[in-house]
*Asks:* 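Structure provided below as structure tokens; questions to follow.
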Amino acid sequence: MRTFRSVMSIALVASLSLPTFAFSFTETKAAPADIDKIRDEGMNRSHAMATMKYLSDVIGARLTNSPSQRRANKWTKEQLEKWGMKNAIVDPWGEFGKGWELKRFNATAMVGDEFIAFRSYPKAWSPSTNGIVTSNVVFVDATDEAGLEKYKGKLKGAIVFAAPERPVEPGFKPIATRVSDDDLKKMEDAKPADSNAMGGRGGGQANPFAARKQRFYFEEGVAVLIEPSSGTDSGTIRVMGASPVPSAPQAGPPNPFGGMRVYSKGAPATIPQLVAETEQYNRIMRLIKQGIAVKMTVDVEAKFYEDDTQGYNTIAEIPGTDLKDEVVMVGGHLDSWHSGNGSTDNGAGVTVAMEAMRIIAASGLKPRRTIKIGLWTGEEQGLLGSRGYVAKNLATLGDGSDNAAFAAMAGGPRSINKKAGYDKFAAYYNLDNGTGQIRGINMQGNEQLRPMFKEWLAPFKDIAASTVSVNSVGGTDHLAFDAVGLPGFQFIQDPIEYGGRTWHTTQDVADRTLEEDLKRSAVIMATFAYQSAMTDDKLPRKPAAGGFAFTSTNGDFDLFAMVDEAEFRRLGYANQVCGHDIDPSEIPTEFPRYLTISRDLHDHAE
């Protein structure tokens, strides 16, 4: 639970303050026959599953700056060119850091004479072990500095279990679901709030001992760190990036971007780190607690790539006609984590965006505005590719740094420095919620858009895609546009198995994708892109630059300690990464926390 560090008064002014006028769209728009062409092409001559299977099965996982991610850049560019897109490029967006690839991995355990194939997976950017490591498993059962004393000098070369057992509950609820009619109605009926006043008093901040414990492992020369999978069981393992070498504690308020990332150029090698199947991890923990020795052998061989530390997006376009200098964009992130094949996160979004572009081109339609596709990388590390594209072509917040963006989002000066493309930009549509079909769209707090979006969804009522919600959602690439005041949107999708089975896991594979859902989503994305390209005027923008503006009477303001977790949820706020609601403890080490904040008001309809 999160508490206030001191008495404070916070006013959350989400950029949901809405003008009193309504946007008129009694103007040029797409002909119904054009939408029929889009639907016919997308449903009857789809390339969606061919795209998905090539991306997932042939190219495979696409960790940012890995060789396979670079192959994906090349292949998507060439495929879009084959479909008739113009000006296709692999576009550098800025410095990222080291690529990484797992070359070999094996982990086993022995309990007496019993051999166990230990089901686990190395975290990304874990270094190789120093050859084959064999050691008794140790759990450091310490909750304070005094507790660490008994382990000093005893952990060099050890294999350490870094977390207690994780409870496993029977799976009475189905993992795969679609959004219910009741929940869709709540989303539709949600009402924006201009502001919420929150205050509190409190006693201190989160226990910093976890960070101290991590530093202790490095000081003592631990050989391998292992933890249980977070949020999954039944053999599914959720794997993300390794924790970097911990920095020394700093005085004063924490810098959300302080210290090197594990993949940064020049970052020191961290400890090899594994994530284990929860049930196997729990068994070994129980044995250790009973004093039964467990010996493990771990062998990790990984390769780092530092020849080119730039990050790259794939960009292509369908040129417009009379309004060709204005731009509509669709997209999703091309990068993935590494233990699966990146099929639902986010091969699905890439497939849908590419297929939407193909549909428009194959239908022979001539959009007035130019329609571009952006396939971003570095999303899993903090929306880096989309933010880099926006900073390069559209606008920056302050000096363009992470700290300037955080300061603006947390109530500091919001200085938008517009680039040449800013006033010519119409809208960006993103898909990053897995394989489930589009059921509607989040307006990201811009209520003016409701009548327009309702009309655009009207042809798809027969496939249950008609919901328009004022909700603002976070954790994925539309935020790069929304943060600088440009229209950026994430669609509402059926979750299917996204949170419970495939998100960042070993089960993120093509077998977990649904062809009919991908086809329908591509048709709807193509429709939104084409409709946005055909109106006389660009979509109306919110009166304030996107995201959330936080103001505080206390200079020592901590955005993430503003309320305890229950209050945070009660007020409609949540944490999301890649469109998935997560517990704060699940936020990846390298992902800036302020980019995970979402405002989901569907439980607070009036």
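Below, all heavy atoms of this structure are taken into account, side chains as well, without hydrogens, waters or symmetry copies.
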*Asks:* For Tyr312, give me all partners under ring pair (Phe, Tyr, Trp, His ring centres under 6.0 Å), at least two apart in sequence or on another chain.
*Replies:* none
*Asks:* side-chain hydrogen bond (donor to acceptor under 3.5 Å, both in side chains) with Thr309: which residues, sequence neighbours excluded?
*Replies:* Glu95
*Asks:* For Arg166 and Thr278, which I'm curious about, is there any donor-acceptor pair between the side chains at under 3.5 Å?
*Replies:* yes
*Asks:* Thr134: what forms a side-chain hydrogen bond (donor to acceptor under 3.5 Å, both in side chains) with it, not counting sequence neighbours?
*Replies:* Thr297
*Asks:* Please round to the nearest 0.5 Å and tell me the distance separating atom OG1 of Thr270 and atom CE of Met260.
*Replies:* 13.5 Å
*Asks:* Do Glu380 side-chain atoms and Trp337 backbone N/O form a donor-acceptor pair below 3.5 Å?
*Replies:* no
*Asks:* Between atom OG1 of Thr476 and atom CG of Asn346, what is the distance when rounded to the nearest 0.5 Å?
*Replies:* 6.5 Å
*Asks:* May I ask you to decide if the ring planes of Trp125 and Tyr263 are parallel, tilted or perpendicular, using 30° and 60° as cut-offs?
*Replies:* tilted
*Asks:* Are Glu101 and Ser68 side-chain neighbours, meaning at least one heavy-atom pair lies under 4.5 Å?
*Replies:* no
*Asks:* Thr396: which residues meet the side-chain hydrogen bond (donor to acceptor under 3.5 Å, both in side chains) condition with it, sequence neighbours left out?
*Replies:* Asn417
*Asks:* Name all pairs fulfilling the side-chain hydrogen bond (donor to acceptor under 3.5 Å, both in side chains) condition that reach into residues 150-160, sequence neighbours left out, sorted by first residue then second.
*Replies:* Glu149-Lys152
*Asks:* Quick one: closest heavy-atom pair of Ala142 and Gly147, and the distance?
*Replies:* CB-C, 3.5 Å
*Asks:* Measure the spacing between CG of Asp477 and OH of Tyr428 and express it to the nearest 0.5 Å.
*Replies:* 5.0 Å
*Asks:* Just checking, is any N or O donor in the side chain of Asp399 or Ser401 under 3.5 Å from an acceptor N or O on the other one?
*Replies:* yes
*Asks:* Looking only at heavy atoms, what is the nearest atom pair of Ala269 and Val245, with distance?
*Replies:* O-CG2, 3.4 Å
*Asks:* With no hydrogens and no angle check, just 3.5 Å: does a side-chain donor-acceptor pair link Asp508 and Ser336?
*Replies:* no
*Asks:* I need the full list of salt bridge (charged side-chain N to carboxylate O under 4.0 Å, His left out) pairs touching residues 216-232, with sequence neighbours left out, sorted by first then second residue.
*Replies:* Lys123-Glu227, Arg212-Glu219
*Asks:* Have a look at Thr64 and tell me which of Lys98, His338, Gln381, Glu379 forms a side-chain hydrogen bond (donor to acceptor under 3.5 Å, both in side chains) with it.
*Replies:* Gln381
*Asks:* For Lys53, I'd like to know if atom NZ has over 12 heavy atoms of other residues, nucleotides or ligands within 6.0 Å.
*Replies:* no
*Asks:* Okay, side chain of Ser66, backbone of Gln69: is any donor-acceptor separation there less than 3.5 Å?
*Replies:* yes
*Asks:* Can you list everything that forms a ring pair (Phe, Tyr, Trp, His ring centres under 6.0 Å) with Phe105? Sequence neighbours excluded, please.
*Replies:* none
*Asks:* For a quick test of reading the model, state the closest non-hydrogen atom pair linking Gly499 to Arg238 and the distance between them.
*Replies:* O-NH2, 2.8 Å
*Asks:* Between CG of Leu431 and OG1 of Thr351, what distance do you get to the nearest 0.5 Å?
*Replies:* 10.0 Å
*Asks:* If we only count heavy atoms from C-beta on, is the Val300 to Val133 side-chain gap below 4.5 Å?
*Replies:* no
*Asks:* I'd like to check Ile226 versus Phe118 (side-chain heavy atoms, cut-off strictly below 4.5 Å). Are they in contact?
*Replies:* yes
*Asks:* Mind jotting down which residue pairs meet the salt bridge (charged side-chain N to carboxylate O under 4.0 Å, His left out) criterion with at least one end in residues 64-78? Sequence neighbours excluded, please.
*Replies:* Arg70-Asp308, Lys74-Glu78, Lys77-Glu81
*Asks:* Would you please test Asn313 and Thr377 for side chain to side chain contact (heavy atoms under 4.5 Å, CB included) and show each step?
*Replies:* CA-CA 6 Å; Asn313 300 318; Thr377 62; 3.9 Å; yes
*Asks:* Might you work through the side chain to side chain contact (heavy atoms under 4.5 Å, CB included) test for Gln444 and Leu479, ending with a clear yes or no?
*Replies:* CA-CA 9 Å; Gln444 206 68 14; Leu479 281 188; 3.8 Å; yes
*Asks:* Roughly how far apart are Lys418 NZ and Phe425 CZ, rounded to 0.5 Å?
*Replies:* 14.0 Å
*Asks:* Taking the side chain as every heavy atom from C-beta outward, state whether Glu497 and Gln507 have any pair of such atoms under 4.5 Å apart.
*Replies:* no
*Asks:* Just by modelled atom types, is the Lys419 backbone N or O under 3.5 Å from a matching donor or acceptor in the Asn393 side chain?
*Replies:* no
*Asks:* Using a 4.5 Å cut-off on heavy atoms from C-beta on, say whether the side chain of Tyr281 contacts that of Leu274.
*Replies:* no
*Asks:* With a 3.5 Å cut-off and no angle check, do the side chains of His333 and Asp345 form a donor-acceptor pair?
*Replies:* yes
*Asks:* Ignoring hydrogens, what is the shortest heavy-atom contact between Tyr422 and Ala395? Give both atom names and the distance.
*Replies:* CD1-CB, 3.6 Å
*Asks:* Tyr54: what forms a ring pair (Phe, Tyr, Trp, His ring centres under 6.0 Å) with it, not counting sequence neighbours?
*Replies:* Trp75
*Asks:* Under the side-chain hydrogen bond (donor to acceptor under 3.5 Å, both in side chains) test, which residues partner Gln280, sequence neighbours left out?
*Replies:* none
*Asks:* State, with a plain yes or no, whether a side-chain heavy atom of Leu394 is found less than 4.5 Å away from one of Val484.
*Replies:* no
*Asks:* Can you name the closest pair of heavy atoms from Ser343 and Ser56 and give their distance?
*Replies:* OG-OG, 2.7 Å
*Asks:* What's the separation between atom CG in Asp299 and atom CG in Asn106, rounded to the nearest 0.5 Å?
*Replies:* 6.5 Å
*Asks:* Counting C-beta onward and ignoring hydrogens, is there a side-chain heavy-atom pair between Phe216 and Leu155 closer than 4.5 Å?
*Replies:* yes
*Asks:* Write down the atom of Ala158, the atom of Val138, and the distance for their closest heavy-atom approach.
*Replies:* CB-CG2, 4.4 Å
*Asks:* If you look only at pairs with a residue in residues 54-66, which of them pass as a salt bridge (charged side-chain N to carboxylate O under 4.0 Å, His left out), with sequence neighbours excluded?
*Replies:* none
*Asks:* Show your reasoning for whether side chain to side chain contact (heavy atoms under 4.5 Å, CB included) applies to Val140 and Lys213.
*Replies:* CA-CA 9 Å; Val140 177; Lys213 205 171 184 179; 4.0 Å; yes
*Asks:* Could you please spell out the steps behind the side chain to side chain contact (heavy atoms under 4.5 Å, CB included) verdict for Thr435 and Arg512?
*Replies:* CA-CA 8 Å; Thr435 190; Arg512 298 291 177 186; over 6 Å; no
*Asks:* Listed by chain and number, what are the ring pair (Phe, Tyr, Trp, His ring centres under 6.0 Å) partners of Tyr389, not counting sequence neighbours?
*Replies:* Trp376
*Asks:* Is the backbone of Arg387 close enough, under 3.5 Å, to the side chain of Trp93 for a donor and an acceptor to pair up by distance?
*Replies:* no
*Asks:* Do Glu279 and Arg119 make a side-chain contact, defined as non-hydrogen atoms from C-beta onward lying under 4.5 Å apart?
*Replies:* no
*Asks:* If you measure from the Lys or Arg side-chain nitrogens to the Asp or Glu carboxylate oxygens, is any gap between Glu301 and Lys103 under 4.0 Å?
*Replies:* no
*Asks:* Between Asn433 and Gln490, is any side-chain donor less than 3.5 angstrom from a side-chain acceptor?
*Replies:* yes
